[in-house]
Amino acid sequence: MRHSRPLPSGDKRVLFLLIVHLLFLPWALGSTNAWSQVTSLVLATIGFGAALWARPDDGRRTTDVGLQSPKREIPPATALRRLLKFPPFWLGLALLGYIAIQALNPSWRYTTDGKFWWLVPVPNISWLPTSVAAPFERFGMGRQFAIYAAAWLTVCTVWVGLTRRRSFTILLNALAANALVLVLVGFFFRLTQKTPDQLLWLERKAGAIPFASFIYKNHAGAYLALMAVVCLALGARHYERALKEHARSSPALLYVLGAIGLLFAVVFTYSRGGTGLLGAYLLGAAAVFGIHRYFSRTSSTTPRVVTFTVAGMVAFVVIFAVAQLDYRRVVHRFEQLADPEHKDVSVSQRLEANNASLDMLAYTWPRGVGAGGFSYIYPQFIQRFPASYKGGQLFWLHAHNDWLEFPIELGVVGVALIAAGGVWWLVQLGRSRIWRYLPALLLALGLLQTLAHASFDFVFQNPAVLVTWLVLAVVAVRYAERQSET
């Protein structure tokens, strides 16, 4: 039997802080309000400090998951050196510095009389990035900076603070377990509440369809879809470990069951985009698994009775979901897309809003309008598309297309920094030959489905989705790196 060595005390401290932070994000209503965003920044800062703290047991021989080999000593100062060699550290620092320049060079100032608000032009340097000066309590530059800073610090913490592959596995297990609790809470309130706009026991959100602690259904769908990806990655990890050790059984199929349960949860968030993308991902993951098994030289040792038992459990979940939940609304939502004679108002409005966003991008791409400034400038461009705002009845806080909103707010320089981070991620995965390691491959493919979702919704404007996605991107790289060394 294989015995795992105890984690270094530094890993334990960082892991605890990361789990507290990442589990806090979805329960704090997706961290979409000011107090939760400040709390997230504080937790991220504490975790970052713990990751850089000199740890006396780091000098032991260890099977480090980073760039260290299994036989190499890890001195206490490795964390700082690894941080300074981490390109996203410098890219994130440059992005935050760029946003600070935007904040110091506003072109508009938010003004209100208590009932109405408007923008007042202010003198600015025309060749520098710019922004909208707005109060912190009203979403704008300050809160967006806090979100980005918390995300940057958390990514750096994961990169330098966790030195064992088992640390990453524990982190993923914590995320998966928390997601299943979210699902249970979401189903409980969906079954017991009389109106779909009730957010837990707190308040009604007019015009919204909350699920569990998420106010917006598509944010809930995107987050739970990520958690389904985590479950599949963990299942693949346990499966490959069982093959390597010739174990008669493993918990891999239970994780697959968890992923299927999360698929049902996404269906009942009424997020059509999230449901379609997660369904496509699961089919693609099954195909990838089949290809891996075809080229694998190791035969499975899992008894067939285990496979049939889990299949029976899956069937039970399906029957229970159909029998207990009111799925007529789900069917109705998808019928709206399937019926060519039915004009889905939400889809047509988003198409109109997307056209307005394209007009806005054409005007603002050199300097951007400032992080968090989209909603203040957008009314100037939406006037040509009255169907999108129903004659003043709708106010768009976001573009419902992150691929447009990020360049609109950050301009060409900000987007170039983000793109550089994406290129680094892809290069690292390619250098590690990620296609050889199934858990990392499934995780990376799952992150791509979130990027696809962002092309027609504002999923990355939710801090819970943004920070978790970035953390999983780092975990995928670390998993792939460790496999390439073995």
Side-chain angles (χ1 to χ4, degrees), residues 63-70 82 85-89 91 154-156 158-160 162-173 175-176 225-244 250 252 255-256 259 277-278 280-298 300 418-454 466-486:
T63 52
D64 173 40
V65 79
L67 301 178
Q68 315 296 329
S69 69
R82 195 184 310 157
K85 294 180 180 179
F86 183 41
F89 167 75
L91 293 172
T154 305
V155 166
C156 294
V158 173
W159 184 262
V160 304
L162 301 182
T163 62
R164 302 284 184 90
R165 181 168 19 173
R166 191 156 66 92
S167 298
F168 292 99
T169 302
I170 293 172
L171 178 62
L172 295 184
N173 273 290
L175 288 173
L226 275 178
M227 295 302 99
V229 171
V230 168
C231 284
L232 278 193
L234 287 170
R237 168 152 168 70
H238 283 286
Y239 179 80
E240 291 204 337
R241 182 172 179 176
L243 288 180
K244 183 178 180 180
S250 79
Y255 284 101
V256 175
L277 287 170
L278 180 57
Y281 165 76
L282 292 176
L283 291 176
V288 169
F289 174 78
I291 294 172
H292 260 259
R293 287 300 306 133
Y294 179 79
F295 289 102
S296 175
R297 298 178 180 179
T298 307
S300 176
I418 295 174
V423 170
W424 172 86
W425 183 64
L426 293 174
V427 169
Q428 289 298 112
L429 295 179
R431 290 176 58 185
S432 301
R433 298 182 179 181
I434 188 175
W435 53 87
R436 294 187 174 185
Y437 188 41
L438 187 60
L441 179 59
L442 293 179
L443 193 55
L445 292 176
L447 297 177
L448 294 180
Q449 59 113 14
T450 310
L451 290 176
H453 197 171
L466 175 65
V467 176
T468 304
W469 191 93
L470 291 171
V471 167
L472 295 179
V474 173
V475 173
V477 170
R478 285 306 206 190
Y479 265 169
E481 282 181 346
R482 182 62 185 93
Q483 179 64 15
S484 67
E485 295 171 2
T486 57

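Because the structure is predicted, anything quoted here is derived from the model rather than measured.
Val230 places none of its side-chain heavy atoms less than 4.5 Å from the side chain of Thr468. Side-chain contact check for Arg237 versus Leu172: every heavy-atom pair is 4.5 Å or farther apart. In this structure, the side chains of Thr154 and Val471 come closer than 4.5 Å at one or more pairs of heavy atoms. Residues Leu226 and Leu175 are not in side-chain contact: their nearest non-hydrogen atoms beyond the backbone lie 4.5 Å or more apart. Side-chain contact between Phe289 and Leu441: absent, with no pair of heavy atoms (C-beta onward) separated by less than 4.5 Å.
Remark: the backbone N or O of Thr163 is not paired with any side-chain donor or acceptor of Ser167 at under 3.5 angstrom. At least one donor-acceptor pair closer than 3.5 Å links the side chain of Trp469 to the backbone N or O of Leu447. With hydrogens and angles disregarded, no donor-acceptor distance shorter than 3.5 Å links the side chain of Arg165 to the backbone of Tyr479. Checked by atom type and distance alone, the side chain of Trp159 never pairs as donor or acceptor with a backbone atom of Phe86 at under 3.5 Å. A donor-acceptor pair under 3.5 Å is absent between the side-chain atoms of His292 and the main chain of Tyr437, judged by distance alone.
Here the CZ-CD distance, from Arg478 to Gln428, works out to 9.0 Å after rounding to the nearest 0.5 Å. Note that the CD1 atom of Ile434 and the CG atom of Leu445 stand 7.0 Å from one another [nearest 0.5 Å]. Atoms NE2 and CG, on His453 and Leu448 in that order, are 15.0 Å from each other to the nearest 0.5 Å. If you take CZ on Arg166 and CZ on Phe168, they are separated by 13.0 Å, rounding to the nearest 0.5 Å. A distance of 12.0 Å separates SG of Cys231 from CG of Leu442, quoted to the nearest 0.5 Å.
Considering every non-hydrogen atom in both Pro439 and Ala236, the closest pair reads CG-C, 3.8 Å. Annotation for Ala440 and Ala476: closest pair CB-O, 3.7 Å, computed over non-hydrogen atoms. Across Ala480 and Leu429, no two heavy atoms sit closer than the pair CB-CD2, 4.4 Å. Heavy atoms only, all atoms of each residue included: Leu234 and Ala176 are closest at CD1-CB, 4.2 Å. Closest approach of Val229 to Gly446, counting heavy atoms only: CG2-CA, 3.5 Å.
Tyr281 and Thr450 share no donor-acceptor pair across their side chains, judged by distance under 3.5 Å alone.
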Side chain to side chain contact (heavy atoms under 4.5 Å, CB included) evaluation trace for Asn173 with Tyr255:
CA-CA 10 Å; Asn173 273 290; Tyr255 284 101; 2.4 Å; yes
Test side chain to side chain contact (heavy atoms under 4.5 Å, CB included) on Leu282 and Leu232 and set out the steps.
CA-CA 9 Å; Leu282 292 176; Leu232 278 193; 3.5 Å; yes
